[in-house]
Asker: 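Can you keep this structure in mind? I'll have questions shortly.
In what follows, every heavy atom counts, from backbone to side chain, and hydrogens, waters and symmetry copies are set aside. Counting begins at 1 with the first residue of the sequence. The structure presented is a predicted model; accordingly, all values stated were derived computationally and were not measured.
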Amino acid sequence: MAVVACGLNANSQIVPVGPPLLCCPTPVKDKKDVCEVHITCSHILWKINAGWQITGYKNYDYSLEKEMEQGWKISASEMRIAAIKNDGAVVLREKGKWRKLFFQRDTAMDSRNIGPSVQQIEDQDNIAKSESDEHHATSPTKLSSVYVEDNSLIALDEGGKLYSSGVPVPYGGCRISAVELGKEHCMALTTDGVVLTWGSGMRGQLGNGELCQIDRPEPVESLQGITISSIASGGWHCVALSTSGDAYTWGWNESGQLGFPAKADQEASVLGTFSHSCQCPKPVHKTDTVQDDTNVREIRAKEPSNDDQLASPEGTGGCRTDPRINGARTKDVVNVQTSPRLLDFWNEDMAIIDVKCGDRHTLYQLEDGSVWSTGMNKYGQLGLGDTAERNEPCLVPVKGVRTMFAGGWISVFVTTDASGR
């Protein structure tokens, strides 16, 4: 097993010695036993067999790795870390200090079958006093997972009920199986395969056909009748993956992160691209030695050329004739998509098995194992050998992907191949 990554490396969050951005999938040599990754723009939390490690900008302190135990359930954003400790306690770290969170079931709300309770947050200095208060004397709520962004915190209890920071979240009594947080919005998936969204939808990220704010979870009506198996959220865009392997995308498409053309003129991009010459560490290719009766000769693997690695701005890269691509795909320009839209880039017989989102880019893995990326690429996070953004998915030169992660401006791939290439 190997780990490869690409994207922003200005704080050495991917490799300790290397260029400030890595536009090619680059081996991360000391993370071979990684099982979980949480990515922000400036740092990465890695869960390995020995415990938690942090690379990049350590805006906390150097004792943080020792404070977090291997069994903790972690969620991280740029400025905060939330965790469920081994004893079930929930803690939040921000501004260099841990605080304990208290979640108390609201029995009055439970009786109306509209959702969970209010969360109480106490400073660590006041934990002992708070635990003795009569207000916290009732039975506590046991949480199974926690999700954090800089401006929001969501938790799930073992019964699939949803909790938000400081206010009740009424949603109809259905059981929640997964949560995804964007910069200004939230997504949830019920055990019945229904997608709920709430928060700010000013960039279409709520999927309700409008640009508006919603304070409580509501079903995405356009997905009714489609059973969704998994969800993913970027900063301002969303993806829902159906049980049949179809992807539905909506929200902001400024960089093509939805997989549809974002603008007719690529030069009009707000972000632009770096004038970048690839300085990524080159992969080590295996050298086979063949010996016969007369001499010993070396047969070296063919070094990939730039034409092999670089994908074109049109989005299909070096695979324009790839039979997986749907030649009749939708090509009209999409800036903001306010309702879920089927991504028809691949042929109908190609199922998507996984999707992950960074702030403004998206990764897809197909059932044949191939990985495709689309969207913002200013820091090389698409892994295509350059920094040009893509309007449509492009084939990433990485093989044997078991698991992939995305966040901020970085992509990480855990592969079965020892070289990761």
Side-chain angles (χ1 to χ4, degrees), residues 2-48 50-68 74-83 92-98 148-151 181-183 234-235 255 271-282 356-361 363 373 375-387 389 398 404-414 420:
V3 177
V4 296
C6 53
L8 183 64
N9 190 52
N11 296 308
S12 300
Q13 52 266 65
I14 298 177
V15 293
V17 179
L21 62 87
L22 298 168
C23 60
C24 300
T26 301
V28 185
K29 297 181 180 180
D30 61 338
K31 301 293 187 298
K32 293 185 178 180
D33 60 346
V34 66
C35 57
E36 188 176 330
V37 182
H38 298 275
I39 304 171
T40 74
C41 291
S42 66
H43 59 281
I44 304 176
L45 276 68
W46 311 81
K47 185 178 182 180
I48 61 176
W52 289 94
Q53 293 183 355
I54 301 177
T55 57
Y57 176 57
K58 297 187 178 181
N59 56 336
Y60 311 101
D61 54 60
Y62 288 92
S63 65
L64 181 57
E65 293 178 351
K66 297 180 180 179
E67 294 174 7
M68 299 187 301
I74 295 285
S75 178
S77 67
E78 187 65 28
M79 302 304 297
R80 306 202 293 177
I81 296 177
L92 176 68
R93 185 181 179 90
E94 57 184 346
K95 298 180 180 179
K97 184 177 182 180
W98 288 104
V148 70
E149 253 295 344
D150 286 346
N151 298 311
L181 300 183
K183 298 298 184 183
S255 300
L271 296 172
T273 60
F274 282 130
S275 176
H276 172 64
S277 176
C278 179
Q279 299 176 358
C280 303
K282 301 300 180 184
K356 294 292 190 299
C357 295
D359 279 0
R360 298 185 191 179
H361 73 286
L363 306 176
S373 60
M376 177 182 170
N377 195 32
K378 185 176 181 179
Y379 302 101
Q381 58 263 53
L382 299 187
L384 302 174
D386 60 29
T387 58
E389 68 181 40
V398 59
M404 57 186 189
F405 303 90
W409 302 320
I410 298 171
S411 301
V412 174
F413 306 96
V414 180

Asker: With sequence neighbours left out, which residue pairs that include part of residues 2-41 fulfil the ring-ring contact (aromatic ring centres under 6.0 Å, His included) condition?
Answerer: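 For residues 2-41, and leaving out neighbouring residues, the ring-ring contact (aromatic ring centres under 6.0 Å, His included) pairs sorted by first residue read H38-W52.
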Asker: Using a 4.5 Å cut-off on heavy atoms from C-beta on, say whether the side chain of I54 contacts that of M68.
Answerer: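 In short, these two side chains touch, coming nearer than 4.5 Å.
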Asker: List in chain and number order the residues that pass salt bridge (Lys or Arg N to Asp or Glu O under 4.0 Å) with K31, two or more places apart in sequence or in another chain; answer none if no residue qualifies.
Answerer: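 Per chain and number, K31 pairs via salt bridge (Lys or Arg N to Asp or Glu O under 4.0 Å) with no residue.
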Asker: Do I48 and Q53 touch side chain to side chain, with heavy atoms closer than 4.5 Å?
Answerer: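 Yes, close enough: below the 4.5 Å cut-off.
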Asker: Residues in side-chain hydrogen bond (donor to acceptor under 3.5 Å, both in side chains) with D33, at least two apart?
Answerer: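 D33 satisfies side-chain hydrogen bond (donor to acceptor under 3.5 Å, both in side chains) with N49 only.
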Asker: Going by side chain to side chain contact (heavy atoms under 4.5 Å, CB included), name the residues that satisfy it together with A83, two or more places apart in sequence or in a different chain.
Answerer: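 Side chain to side chain contact (heavy atoms under 4.5 Å, CB included) check on A83 returns W72, I74, V91.
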Asker: Any heavy-atom pair between the side chains of L382 and M376 that's under 4.5 Å?
Answerer: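 Not touching, per the 4.5 Å side-chain cut-off.
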Asker: Got a salt bridge between K183 and E149, using NZ or NE/NH1/NH2 to carboxylate O under 4.0 Å?
Answerer: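 Looking at E149 together with K183, the answer is yes, because their closest N to O distance falls below 4.0 Å.
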Asker: List the residues meeting ring pair (Phe, Tyr, Trp, His ring centres under 6.0 Å) with W46, not counting sequence neighbours, and say none if there are none.
Answerer: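 Expected list: none.
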Asker: With sequence neighbours left out, what residues match D30 under side-chain hydrogen bond (donor to acceptor under 3.5 Å, both in side chains)?
Answerer: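 Counting only residues at least two positions away or on another chain, D30 forms no side-chain hydrogen bond (donor to acceptor under 3.5 Å, both in side chains).
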Asker: Answer yes or no: is there a side-chain heavy-atom contact under 4.5 Å between L64 and I81?
Answerer: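 Answer yes - side chains close enough.
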Asker: Do you see a donor-acceptor pair shorter than 3.5 Å between the side chains of S411 and H361?
Answerer: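 Per modelled atom types, S411 and H361 side chains form a pair under 3.5 Å.
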Asker: Do L363 and F413 make a side-chain contact, defined as non-hydrogen atoms from C-beta onward lying under 4.5 Å apart?
Answerer: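 Heavy-atom side-chain distance check passes, below 4.5 Å.
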Asker: Looking only at side-chain N and O atoms, does T387 offer a donor or acceptor that is under 3.5 Å from a partner on N377?
Answerer: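 Short answer, no.
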Asker: A side-chain contact here means heavy atoms from C-beta on lying under 4.5 Å apart; do I44 and T55 qualify?
Answerer: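 A side-chain contact exists here, since the closest heavy-atom pair is under 4.5 Å.
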Asker: So do Q381 and I410 actually touch side chain to side chain, heavy atoms under 4.5 Å?
Answerer: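 A side-chain contact is absent here, since even the closest heavy-atom pair is not under 4.5 Å.
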Asker: Would you say the side-chain atoms of S42 and E78 include a donor-acceptor pair closer than 3.5 Å?
Answerer: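 Yes, a side-chain donor-acceptor pair sits under 3.5 Å.
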